[in-house]
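Protein chains get the first letters and strands the later ones, always in sequence-line order, with residue 1 at the start of each. In this text, all values refer to a predicted model and were calculated from it rather than measured experimentally.
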Amino acid sequence: MAAAAVAEAASEPPQQHQFPLPAVLEYPASTPPYLITQGAEGRLYKSTYLQPDIPCALKYRPPKPWRHPILDQRLTKHRILSEAKVLAKCRRDGLRVPAMYAMDEAAGWMMLEWVHGAPVRVRVNERLGDRKEGIDKDEGLKELMRRIGLAVGKMHKIGIVHGDLTTSNMILSPSAESVTDGQLDGTPGSLEGEIVIIDLGLASYSTTDEDRAVDLYVLERAFTSTHPRAESIFDELLKGYKEAYKQSNLALKRLEDVRMRGRKRSMLG
Amino acid sequence: MALETVTLDHLPASQTVHIAYFRNVRNAAFLHSQLLARNPEFEYGFVDASVIVSRLHLLSAVFRAATTASTNSLITPNVHSEIIVSLSPSNNISEAYRRYGISPSTKDLLVVKISGPDGLSHDDIAKHLSQHVEGDQLPVTDENIAPATDNSKVAKYYKLNGLSWLDAIKDQPKKRKEVETLVVGTLAVRGI
Ligand SMILES: Nc1ncnc2c1ncn2[C@@H]1O[C@H](COP(=O)(O)OP(=O)(O)O)[C@@H](O)[C@H]1O
Ligand SMILES: [Mg+2]
């Protein structure tokens with residue numbers, strides 16, 4: 001029975017799969033799984049949830065042959081449960097993250113809402129183009145930075161820290177109203193849309209200003225190394241952060257300490 | 001005949017899912033008693049439609065139950081009872097039966113039957129249901145489910161009260177969609 005299902009799924013390969021698929025992806029689907037990224041910990045496929053018109057992201061953490069099997073299983077389970085809990089909490093508290101559709105933590109997978117759009121990194125780089133000057137006067141870009149800050153501030157306010165904030169772990173998702181002629185992912189260079197925070201695999205519940213400050217510091221470092229020419233507008237992001245999160249002054253104060261520690265460390269290193 | 005056979009993505013091809021919907025059910029007490037007597041002919045997922053917000057809500061529970069069956073990790077006697085627990089945010093089985101399953105006072109009923117490779121055919125099931133369920137059969141659509149939904153019960157069971165951002169949504173279809181998303185998310189993380 002399983003073999004028949006495998007044969008059926010494999011009869012029209014849309015993509016040569018280099019890696020073994022989780023069992024759930026071997027079963028027939030209207031849109032066969034398509035590998036989007038292969039990270040250190042897991043793989044991300046695009047597929048469909050239940051029916052052809054509901055695209056989904058399937059995150060799969062395959063067994064790591066170099067780890068002890070029982071420990072590996074336990075770790076995988078723990079990571080999936082932790083990400084799922086955080087996603088569910090964010091969503092209940094009204095923060096825009098991918099919705100949870102289904103999961104099997106023992107088998108190592110979770111299915112999430114597919115968020116249309118492009119990573120913020122991509123849209124920012126398109127907008128910057130090869131400009132060297134006038135970036136700090138780009139009102140559209142500065143406004144995007146404030147929107148990113150709003151999203152991060154809202155996340156911290158509800159008691160979640162992300163653990164890996166980068167412009168790759170945010171999607172700029174065009175609003176339904178703005179989508180014309182089926183361009184669900186938006187158009188290159190456009191900064192219209194909603195900021196959706198993704199990849200909460202390292203996120204946790206925390207309400208300490210230290211953790212929040214570290215989260216912001218990681219984002220600042222990631223931002224300035226990914227978009228060095230836009231370094232001068234990072235402050236706009238912090239403006240949005242303050243707006244969304246009224247008690248942010250302590251976290252921002254702490255951010256200065258964290259920066260200092262960072263600087264000392266790099267001087268020593 | 002309004003028994004619908006649905007193909008759900010990522011389920012073993014050997015499992016066939018059939019769904020039906022009856023409004024104004026007149027013999028819920030009889031159907032309920034058949035479940036209690038464990039009459040194998042009445043092995044169905046009998047869902048009280050008042051706690052269901054949409055077709056996707058129902059199908060999400062079906063998907064979870066079928067996936068659980070395919071990995072041999074059912075926490076109830078069979079895949080049909082598993083559908084009922086799969087509708088619940090908690091692992092409390094008797095509470096799930098009480099809240100989401102048929103009761104003698106059920107008015108609107110969603111029915112699910114999952115048949116294996118050598119199980120009953122669509123026509124067998126359709127015939128059995130039309131013989132034994134006294135009610136007005138309708139297609140399983142969001143439009144048909146909506147009038148049967150008891151929103152205050154849904155809010156209570158799925159802990160949606162006090163979410164100010166949700167209460168602030170005035171556009172009803174949009175709000176329904178958000179409720180559906182929250183409910184589906186709640187089913188996905190049941191028991192953790
Ligand atoms: N829910 C989603 N919707 C759309 N694209 C997604 C979604 N989740 C992830 N992606 C895409 O896949 C990439 C990798 O996913 P991510 O969750 O960040 O995993 P990793 O841990 O490998 O970084 C993201 O940068 C994004 O482009
Ligand atoms: Mg990532």
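Across B:L160, B:L59, B:T7, the residue that shares the most heavy-atom pairs under 4.5 angstrom with chain A is B:L59. Of the listed residues (A:A102, A:S30, A:A23), the one with the most heavy-atom contacts under 4.5 Å to chain B is A:S30. Most heavy-atom pairs under 4.5 Å with chain A: of the set B:L187, B:T68, B:V184, this distinction falls to B:V184. Most heavy-atom pairs under 4.5 Å with chain A, from the set B:E178, B:R190, B:K159: that is B:K159.
Judged purely by atom type and a 3.5 angstrom limit, B:N27 has no side-chain atom pairing as donor or acceptor with the backbone of B:F30.
The aromatic ring centres of B:H80 and B:F42 sit 6.0 Å or more apart. Proximity of the aromatic rings of B:Y158 and B:H57 is defined here by a centroid distance below 6.0 angstrom, and this criterion is met.
For the pair A:K46 and A:Y34, the cation-pi criterion (under 6.0 Å, within 45° of the ring axis) is not fulfilled.
Using a 4.5 Å cut-off between heavy atoms, A:I54 touches chain B through its side chain atoms alone. Looking at B:S60, both its backbone and its side chain come within 4.5 Å of chain A, counting heavy atoms on both sides. Only the side chain of A:M111 comes within less than 4.5 Å of a heavy atom of chain B; its backbone N, CA, C and O stay farther away. Residue contact with chain B, scored on non-hydrogen atoms closer than 4.5 Å, involves the side chain of A:A88 exclusively. Only the backbone of B:L11 comes within contact range of chain A, judged by heavy atoms closer than 4.5 Å.
The aromatic rings of B:H128 and B:H132 sit tilted relative to each other, their planes meeting at an angle between 30° and 60°.
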